[in-house]
Each structure stands twice: as structure tokens, then as C-alpha cells.
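Everything below concerns the one structure shown next.
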2 protein chains.
Amino acid sequence: MDKRRSAKSVRSAVEPRQGAQAIRRALAVLRILAAGREEGVPLAEVIRATALTRPTVHRIVHVLIEEGIVERHGRSGRYAIGNQVPELALARPRPSRLLVAANPSLQRASAEIGDTLFLTVRTGNDTLCVDRRIGVYPIQVLSIEVGARRPLGVSSAGVAILAAMPAQEARKIVAANEKRFEAYRTDVATVLGEVTAARRLGYGMREIGLVQGTKSISTWIKTPDGQPAAAMTVSAVRTRLGPRREQEVAEILLREARIIEQAIG
Amino acid sequence: MDKRRSAKSVRSAVEPRQGAQAIRRALAVLRILAAGREEGVPLAEVIRATALTRPTVHRIVHVLIEEGIVERHGRSGRYAIGNQVPELALARPRPSRLLVAANPSLQRASAEIGDTLFLTVRTGNDTLCVDRRIGVYPIQVLSIEVGARRPLGVSSAGVAILAAMPAQEARKIVAANEKRFEAYRTDVATVLGEVTAARRLGYGMREIGLVQGTKSISTWIKTPDGQPAAAMTVSAVRTRLGPRREQEVAEILLREARIIEQAIG
DNA sequence: GCGTTCTTGTCCATATTATGGACAAGAGAC
DNA sequence: GTCTCTTGTCCATAATATGGACAAGAACGC
């Protein structure tokens, strides 16, 4: 408790504000629910993912239902993000600067590559798909949709974003997501290995994508202050991304990532 | 405290869940911030509008900033809805059912009337503009944008929505908004008078719109269970909405409102 | 310059609030 | 029937969030 006093002058950067445990917990719950999209998430999984106790999660979720922030699905009893969240979101200008800046690059790269392209941002300890372009090639990986949210580290976009940040910060995020990795059949060590490999390679890559038989390549996009802002990903059936083509695709993605960085600078 | 026990069996409908004061307060703050759109709201106004104390609002707002839910604008120091809210909103399917159902009616009415058309929903104690169609007439009321949020009662859409609900419930909402009416130079008595007039007339009307020199006409749209779901509004410069044309416009709005009610039923 | 009136930010003793262990009850599986 | 999964609830208690009081800064007038 004396720590608080001594750190007074640098608090904003260093020390989390106190006196709002409940609010922080409610937000943690909301973020887990957001990962469940329309179908929602059963209570037990929220408890697991947040490491909170049953009564606490139960209370939070039900208060949020009363407030319209969370909805409960009739038959399944799963909890999901409610109507009022997009209503609050209308207060912000849309589309975001990043989306505007990335648009031409996505257009260009999609035409050039022909496979599905994703734009993914970091939000807290998650990755969030914010844009998608379908290519011209007849076989496309469509399983990841705009709004898809996963723990940072389980997708190639997540690996790329982690690779673009200071190693220590990346380790902290990966550690925080440990409990959630189980559901994706991975673990802290595997993810950190992939991140290191991505740093060496200059881009993120997954031989085995989240979808069976697919392969993904991701480049990171940094803000002027060096923080990773987003990742640009190509996903395709594995046979379409052999070593030679991997090289080609990576070069296009790297080129466009630099262009987007200029645009948001 | 003994009340809680006796009401046990009907709690879900009657009694608000306890043990989450902080979360409820944080949401109240967020809703006020949402009304400030991009420009945001100064802290003092949040304190006024929520009737919370300064330290409480300050703490809530700054925790929400740390969590990315709220942003603070550089020069003005105002607080606004942050980036992470639309990110959470991506978890929901867009566009909403109402928007889909109302689309053809808005199209048709807009072409027929020629003035600006708004679709407005109720969210808590607020009205929220969720769609807008610009007409063909050269003078258009454009000051109200998608995302605009006001206390229920200050706009003709709000009056229409209040008129469509049980009188007692409407009174409760109007009373809850009392503190926020000042900023719009109105009060509880005036609003209740307008609501009564709207009930008699069958639609909401404001001779003096929120924008100087404009007039608005609104019809309500109800869900199958009789709850008001939205309002459909025409705004125009006052001279364009004389008694005869008011009648015409109201009839078109009433016709389309019934069609939308069928579509969402 | 100095006072006045705004604003935002902070401290800390305190009472209220949120917490979680323990238990209950319901739904499936076998 | 039992076992195992889920969700929901109670209530004594500790910890949390609260708000009165104060500080400090900004903008204005003179």
C-alpha cells in the first residue's frame, strides 16, 4: 500500500487505478462473450476463461442482461453480446482510420494474390478480424469472418502481432491467455516458439491453420511509434502455398504493410 | 432487506439484481458519453447528468480509459466512447432486423415525401437515430445524424415513442431524464404535455424542432407485444409542413409504420 | 499583477458493496 | 436409479467503492 504513494508521479503509465475491480471484471466478461459472436458462450466457459468465481460471473452477466448489454439465447442458454453494444458504438465515426487507410492495399493485394485476405487488429489480449476480401481463386478459406475474435497467439495474425512487439510484452500477453489456449489445442511454449520464428522470418506463418488443411501468412503493420497496429493475412488451402509461392505472397504482404504504415503515419 | 426474500419467485421481472452498483454506474456514464458522439462530454456534464459524485465519475471514467472503452480528447479534455466499443459490437450480426425490415419503407416514404427521414429507436432512456434518408427537395434538415442520441422526450421521435407506451412507464422515463432536459431548454411538464397531445393526434409533432425553424412529425412502430420499437420521423423547414401537408405526411408515415410492424412481427 | 469562478484531479476514513465458499437444483448420460 | 455435467442462489465476511473535503489548474475580468 506504500507502493502507491511512492509511484505517485508516474502512475498513469505504470500503476492501474484502484477502486473499480467490478468494472474491470465486467469488461473481462464482455470480451469473452465477444469471442462467442452470435452463438454466445456458456457460463462455465466464461468462468474458465476469466478465472473468476461462479457467483461473480453469474452476477455480472445477469446485471449486464438487465442493462441490455448482454443477451441470453433461448434454447442454448448461452450468453452473448447484446443489442446495446452496437448502439453505444454508433457514437463513434465509422469506418475507422485504419480501415480507410488499408482499403486500397487490401484491394490491390487481393487482386494480385487471389486468395482470401484478412485485416486483423489487436484488442487487449485478443485478435479481432476487422476486414476480409475474397479472392478470385475458386477455393477460398471463408471460415474466418469479420468480427472473429481469438486469443492473441492462436492465429498467424496473432503470432505476427506478437512478433512485432517487445519480447517481454508479448510473453506477458501469451501468459495471460494461457487458460484460453487449451480450447485451441495449443500452449504457451508452442506460441512463443512460433513468435520467435516469425521474428526471424519477418512474417508470421502457420503450416497448420485453425482450419484443417489450410496455411496462413501474416505481416504486421506498425504505428509510427513502433506499436503493432494490425496484421494482414492470406489464408489458402495448404497446397496453394508451397515454399516458392509463400515467398511471393509474403513479399506482396510486406510491401502493402509498409504502404499502410505510411498512410496511418 | 426482507423484501428481497418475499419477492423471490418474481424477481426477474420486478426486482433489480444487487451487488453490481459499480457496473451499473459505469454503464450510466457510458450512455452519457455516447450522447456526446465524437466530440465527447466534459466531466462536469457527466456528473450533472448521472447525479453521481465527482470522485466516482472520475474514477469510473479513468478506469474505462485504461481499459480502452473510453477515450480522452487531446485539447478539449472531453471524454468520449473509445475504440473498443465498436470492436465489441462486431460480435453481433449487422445490420439489425429492424434496419432490414424498415429499409423498403424508408425508401418508399423518402421518395414520396421528399424531405429528410429518420429511423429512431429507444435505448434505455434515450432515443438513438439508427438510419437516415435524404430526400430530393433542395432544402434538407441534415443536422441529425445516424448515432445521434438524446434523452427520450426532447425530439418528436422521443415524444412519439413515449406516447406509444403505457402512461405510467412514460412518466417514469421522463422523470428520470429531468436533469438532462435543462440542456435542451425543456422540462418534465412540457414533455408530458407533448406526449399527451401525440396520443390524441396519433403521431408525434414538434412545431419547433431541435433545429431552429424546422418542424418534425413522427409515428411510432410497435413490436407484436405492444412495446414501442422505434419511430419514423420527417423533418423539414417549417414552411414546408403546413396543416394540409402535415396531414399528408402523417398518413404516409402511419401507413409505412404499420408495414414495418408487419415485417418485424 | 490578483481575485473570482470555472474546471479536473486526489486523498483516505468509512460504510456499503461485491465477493466466494458452500449448497441446491436441474439436465443428460448410461 | 447414480453419476456428472451444467446453472443458479444464499449470506457472512472481507474488501471494495464511495464521497466529503481539499488541491490545483485554467480562463476570465479588471
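So you know, we letter chains A, B, ... as the sequences are listed, proteins then strands, and number each from 1. Owing to the predicted nature of the structure, the values given are computational and were not obtained by experimental measurement.
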Rounded off to whole Å, could you give me the CD1-to-C1' distance for the A/Ile65 and D/dT7 pair? 12 Å
Nearest-nucleotide check on DNA chain D, A/Pro42 vs A/Ala20; residue mapping nearer the 5' end is A/Pro42
Rounded to whole angstrom units, what separation is found between the CG atom of B/Leu43 and the P atom of C/dC6? 16 Å
Check ion pair B/Arg24-A/Glu66 (N to O, under 4.0 angstrom): yes
Interatomic distance, A/His62 NE2 vs C/dA18 P [rounded to whole Å]: 17 Å
Where the side chain of A/Ala44 is defined as all heavy atoms beyond and including C-beta, which of C/dG9, C/dA18, D/dT6 is the nearest nucleotide? D/dT6
Between C/dT17 and B/Gln18, is there an OP1 or OP2 to side-chain N/O distance shorter than 4.0 Å? no
With the side chain defined as heavy atoms from C-beta on, A/Arg25 is closest, among D/dT9, C/dG20, C/dC11, to C/dG20
Could you check A/Arg72 against A/Ile23 and say which one's nearest nucleotide on DNA chain D is further toward the 5' end? A/Arg72
Quick check for you: among D/dT9, D/dT16, C/dG9, whose closest atom lies nearest to any side-chain atom of A/Arg54? D/dT9
For atom CZ of A/Arg24 and atom C1' of D/dA17, their distance in whole Å: 13 Å
Would you mind reading off the distance between A/His73 atom NE2 and D/dT6 atom P, rounded to a whole angstrom? 19 Å
So that I can tick it off, tell me whether A/Glu39 and A/Arg78 are bridged by a salt bridge, with the cut-off set at under 4.0 angstrom between side-chain N and carboxylate O. no
Counting the benzene-type ring for Trp, do A/His62 and A/Tyr79 have ring centres under 6.0 Å apart? yes
Closest nucleotide among C/dG28, D/dT18, D/dG8 to the B/Ala22 side chain: D/dT18
With side chain to side chain contact (heavy atoms under 4.5 Å, CB included) as the criterion, how do B/Leu30 and B/Val70 come out once you've worked through the C-alpha distance, each side chain's angles and the decisive distance to 0.1 Å? CA-CA 8 Å; B/Leu30 271 184; B/Val70 165; 3.8 Å; yes
Which of C/dT10, D/dG8, C/dT8 is nearest the side chain of B/Pro55? It is C/dT10
Would you mind telling me which of C/dT19, D/dT18, D/dT6 lies closest to the side-chain atoms of B/Gln21? D/dT18
Of the listed nucleotides (D/dG19, D/dT18, C/dG20), which one gets closest to any side-chain atom of A/Thr56? C/dG20
Between D/dT6 and A/Tyr79, is there an OP1 or OP2 to side-chain N/O distance shorter than 4.0 Å? no
Expressed in angstrom and rounded to an integer, what is the separation of A/Leu52 atom CG from C/dT19 atom C1'? 11 Å
How long is the straight-line distance from CZ of B/Arg31 back to OG1 of B/Thr123, given to the nearest 0.5 Å? 6.5 Å
Starting from C1' on D/dA17, measure out to CZ on B/Arg59 and report it in whole angstrom. 5 Å
Check the distance between C/dG9's C1' and B/Ile60's CD1 and give it to me in whole angstrom. 15 Å
Between C/dG21, C/dG9, C/dA18, which one does the side chain of B/His58 approach most closely? C/dG9
